[in-house]
Amino acid sequence: MKKIGKMLIMLILSLSFLLTGCGGYKGGDLEEEYYDDGEPYNIVYYMYYNSANPPQDMEAVNARVNELLKSKLPNTTVDIIPYIAAEYTTKVTAAIVAGTKFDICFTSPEINPYLTNVQREAFLPVEWLIEEYAPVTAASISEEMMEQTRYEGKSYAVLNEQIYPRTYSVRFRSAATIQKYLEDHYNGITTDEIYTVLNEDLTAFDFIENYLVWMKENNYGNGGTIHQIDTASTLQNYYGYDDLGTGMGTPGTVKISDIAYENGQYKATVVNQFETADYEEMLEFVYKLKGEGYLNPNLGESNYDIVAENNWKPGYLTGEAARLGSPMYFTTYIMGTMNAISSTSENPARVMKFIELLRTDSELHNTIQYGLEGEHYILDDSNPNRISEFLGTGYNNSQFGWGLGSEFISYLQPGQPDDLWDQVKAINDETEVSPLIGFLFDPTPVDQKMADCRAVTSEFMTALQQGQYDDMQTALANFRQRLKDAGCDEVIAEKQRQLDEFFASKS
């Protein structure tokens with residue numbers, strides 16, 4: 001009787017897939033027919049490979065992963081299909097549009113765009129699956145974080161565990177030179193401590209300029225050279241503008257420090273970030289550096305002494321990255337790294353179990369991140385959780401731990417502190433969560449106007465932040481007018497309407 005019952009359930013399940021067409025599951029609530037039947041299943045995983053070149057040794061790494069799965073997740077194999085960063089969105093989008101069957105893919109607001117894929121019904125809702133098959137994952141995602149991933153009441157992706165708040169920083173080409181500067185000017189503090197000396201009399205821009213001047217005067221490096229001031233990163237991570245999930249290239253942001261709480265409800269004004277005094281202040285600094293000969297966008301990458309565009313975190317580029325701001329939560333970065341289950345998956349429960357393993361099993365996680373011990377890396381004899389050396393280029397996804405379930409079980413890399421992950425967790429826990437967290441903007445009413453605005457920002461933003469225009473004020477005025485012509489006011493009004501509704505629902 002049990003066998004007949006199971007066959008009947010599987011028949012019903014098969015018919016349900018047929019009725020929904022080749023696109024697979026088409027919405028509604030996931031019910032218990034999506035249980036794991038225990039039968040052999042092969043997971044097809046489109047993995048983001050954070051490198052410029054495809055891995056040469058993927059086959060050997062994949063074989064090792066399947067060996068591990070024999071005991072960790074019986075009757076399961078996985079085909080890992082890596083796509084490099086430059087092609088990931090294009091390749092996965094093509095598979096989705098074609099109705100190709102697969103099980104897991106990486107998604108974020110901009111990489112393999114989350115909301116676009118949810119609206120085309122490419123992903124399964126996952127909350128029931130997380131609760132049932134990924135208890136550790138479920139326990140580690142707060143309701144606020146889960147709310148950020150919900151569209152029309154349902155979450156369609158699993159958040160990876162990483163550093164969530166972002167902090168403005170700069171990256172120095174020479175660790176030795178910045179340490180010399182800090183010894184001469186700040187009694188030998190570390191780059192992690194630079195923010196402690198910043199105050200109203202010494203801004204991040206002051207620090208950048210002072211360092212460039214010192215390099216030029218002392219003939220260090222290339223005499224003090226900078227490529228640009230990344231205005232998107234600086235507006236967001238330094239000045240504190242939340243892009244409301246659409247990217248800083250789209251008009252319509254909220255300055256977190258300007259959010260008010262009145263009569264039991266939060267209130268915030270959505271503004272065009274390109275019309276703010278903060279944006280203009282940045283551009284004036286860009287053109288000041290250009291006029292003094294420090295900014296030159298035409299040099300080769302290795303010739304720049306400083307890059308003012310990185311997001312700081314403990315142990316990242318140790319000795320080279322300096323924190324120049326305080327950590328803040330932003331809507332986009334909460335969703336910056338997620339794994340989704342394809343609506344074409346034929347065993348979403350098993351797939352969720354695999355996602356749970358990525359988050360909890362360090363052996364599996366680090367094999368997919370770093371490859372094979374002795375072939376792609378060497379572990380430190382004194383610390384079995386630290387890599388002492390990377391070997392060759394056959395496989396190295398070391399910069400993608402944040403996309404493989406949980407960065408907190410990644411091996412430490414050379415130079416990173418022993419308590420790195422404790423530091424990161426402390427930042428997550430101690431940073432005040434913005435009232436905007438949980439707001440997910442639906443761009444459908446203004447999607448064409450947003451696209452038109454992004455075309456304008458693509459034309460002007462980079463040129464402005466690299467000081468390419470002879471007359472900054474004329475170019476800025478032209479930029480602003482072109483955005484209005486493209487419909488930025490309508491985009492901002494729609495963001496304001498949805499944000500007001502969101503705050504009202506929380507009061």
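Everything quoted here is computed from the prediction, not taken from an experiment.
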* Beyond-backbone contact of Tyr304 with Leu299, side-chain heavy atoms, under 4.5 angstrom -> yes

* Cationic N near anionic O, under 4.0 Å, Lys449 to Glu494 -> no

* **Cationic tip of Arg350 above Tyr41 ring, under 6.0 Å, 45° of axis** => no

* Structure fact -> Heavy atoms of Leu295 and Gly467 approach each other most closely as CD2-N, 4.4 Å

* So, Asp103 and Ser342: side-chain donor and acceptor under 3.5 Å apart, yes or no? -> no

* Structure fact -> Nearest heavy-atom approach of Ala268 to Leu499 is CB-CD2, 4.1 Å

* Is there a donor-acceptor pair closer than 3.5 Å between any side-chain N or O of Thr76 and the backbone N or O of Leu73? -> yes

* To do: Kindly indicate whether the side chain of Met338, heavy atoms from C-beta on, has any atom under 4.5 Å from the side chain of Val158.
  => no

* Test item: side-chain donor near acceptor, Asn53 and Ser51, under 3.5 Å -> no

* To do: Could you point out which residue of Asn397, Leu358, Val61 forms a side-chain contact (heavy atoms from CB on, under 4.5 Å) with Ile368?
  => Leu358

* For the atom pair CD1 (Ile163) and CH2 (Trp421), what is the distance rounded to the nearest 0.5 Å? -> 9.0 Å

* Asked: Between Ser155 and Glu127, do the side chains contain an N or O donor and an N or O acceptor separated by less than 3.5 Å?
  -> no

* **Arg359 bridged to Glu407 by N-O distance under 4.0 Å** => no

* Asked: Out of curiosity, Asn339 CG to Cys105 SG, how far, rounded to the nearest 0.5 Å?
  -> 7.5 Å

* So, Thr225 side chain and Asn303 main chain: donor-acceptor pair closer than 3.5 Å or not? -> yes

* Lys/Arg-Asp/Glu bridge criterion (N-O < 4.0 Å) met for Glu363, Arg64 -> yes

* Any idea how Tyr411 and Tyr370 line up, ring-wise: parallel (<30°), tilted (30 to 60°), or perpendicular (>60°)? -> parallel

* Asked: Taking side chain as C-beta onward, heavy atoms only, is Arg173 less than 4.5 Å from Val307?
  -> yes

* Asked: Angle class for the Tyr168/Tyr238 ring planes (parallel below 30°, perpendicular above 60°, tilted otherwise)?
  -> tilted

* Asked: Do Thr331 and Asp242 get their side chains close enough for a donor-acceptor pair, meaning under 3.5 Å?
  -> yes

* To do: Could you tell me whether the side chain of Glu389 and the main chain of Ile378 form a donor-acceptor pair under 3.5 Å?
  => no

* In terms of the angle between their ring planes, are His376 and Tyr395 parallel, tilted or perpendicular, with boundaries placed at 30° and 60°? -> tilted

* Salt-bridge contact Glu346-Lys101 (side-chain N to carboxylate O under 4.0 Å) -> yes

* Check Lys495, Gln273, Arg454 against Thr250 for a side chain to side chain donor-acceptor pair (under 3.5 Å) and give me the one that passes. => Arg454

* pair Phe354-Asn347: side-chain heavy atoms closer than 4.5 Å -> no

* Asked: Between Tyr241 and Asp278, is any side-chain donor less than 3.5 angstrom from a side-chain acceptor?
  -> yes

* Structure fact -> Closest non-hydrogen atoms of Ser345 and Val351, given as atom of the first, atom of the second and distance, are OG-CG2, 3.6 Å

* To do: Check whether any side-chain heavy atom of Leu412 lies under 4.5 Å from a side-chain heavy atom of Leu420, and answer yes or no.
  => yes

* Check: Glu121 side chain, Ser343 main-chain N or O, donor-acceptor pair, under 3.5 Å -> no

* **Sidechain-backbone polar pair: Thr462 side chain, Glu459 backbone, donor-acceptor under 3.5 Å** => no

* **Check: Ile80 main-chain N/O paired with Asn62 side-chain donor or acceptor under 3.5 Å** => yes

* Structure fact -> Test side-chain contact (heavy atoms from CB on, under 4.5 Å), reference Thr149, set Glu147, Met146, Met145, output is Met146

* **Rounded distance (nearest 0.5 Å) linking atom CZ of Arg150 with atom CD of Glu152** => 13.5 Å

* Look at the side chain of Asn366 and the backbone N and O of Ser362, then say whether any donor-acceptor pair between them is shorter than 3.5 Å. => yes

* To do: Output the distance between atom CG (Asp305) and atom CD1 (Ile226), rounded to the nearest 0.5 Å.
  => 9.5 Å

* To do: Please find out if less than 6.0 Å separates the ring center of Phe106 from that of Tyr46.
  => no

* Considering all heavy atoms of both residues, which atom of Pro443 and which atom of Leu115 are nearest to each other, and what is their separation? -> CD-CD2, 3.1 Å

* About how many Å separate CD1 of Ile437 and CD1 of Ile334, when rounded to the nearest 0.5 Å? -> 4.5 Å

* Around atom NZ of Lys255, are there more than 12 heavy atoms of other residues, nucleotides or ligands at under 6.0 Å? -> yes

* **Validation row: Gln399, Gln413 side chains within 4.5 angstrom (heavy atoms)** => yes

* Do any N or O atoms from the side chain of Gln148 and from the backbone of Gly438 form a donor-acceptor pair under 3.5 angstrom? -> yes

* Asked: Can you list the steps and then say if Thr332 with Asp243 is a side-chain hydrogen bond (donor to acceptor under 3.5 Å, both in side chains)?
  -> CA-CA 7 Å; Thr332 297; Asp243 63 25; 2.2 Å; yes

* **Distance-only polar pair, side chains of Thr77 and Asn42, donor-acceptor under 3.5 Å** => yes

* What orientation do Tyr48 and Phe400 show, parallel under 30°, tilted 30 to 60°, or perpendicular over 60°? -> tilted

* Does any non-hydrogen side-chain atom of Ile96 lie less than 4.5 Å from one of Thr100? -> no

* Within a radius of less than 6.0 Å around CD of Glu59, do more than 12 heavy atoms belonging to other residues, nucleotides or ligands occur? -> no

* Is there a side-chain contact between Tyr88 and Met47 (heavy atoms, below 4.5 Å)? -> no

* Kindly say whether Pro125 contributes a backbone atom to a donor-acceptor pair with the side chain of Trp128 at under 3.5 angstrom? => no

* Between Gln119 and Asp442, a side-chain donor and acceptor under 3.5 Å -> yes

* Asked: Any salt bridge between Glu356 and Lys353, counting N to O under 4.0 Å?
  -> no

* Asked: Taking the six-membered ring for Trp, are Tyr377 and Phe390 ring centroids under 6.0 Å apart?
  -> no

* **Rounded distance (nearest 0.5 Å) linking atom CG of Asp36 with atom CG of Leu129** => 10.5 Å

* To do: Answer yes if the side chains of Thr337 and Gln162 hold a donor-acceptor pair under 3.5 Å, and no otherwise.
  => no

* Asked: Can you name the nearest heavy-atom pair linking Tyr114 to Ala157, along with the distance?
  -> CE1-CB, 3.5 Å

* How close do Ala308 and Thr234 get, heavy atom to heavy atom, and via which atoms? -> O-OG1, 4.4 Å

* Would you say the side-chain atoms of His365 and Ser406 include a donor-acceptor pair closer than 3.5 Å? -> no

* Asked: Has the side chain of Tyr329 got a donor or acceptor atom that lies under 3.5 Å from a matching backbone atom of Leu436?
  -> no

* Hey, what's the ring geometry for Phe460 with Phe479, parallel, tilted or perpendicular (30° and 60° as the breaks)? -> parallel

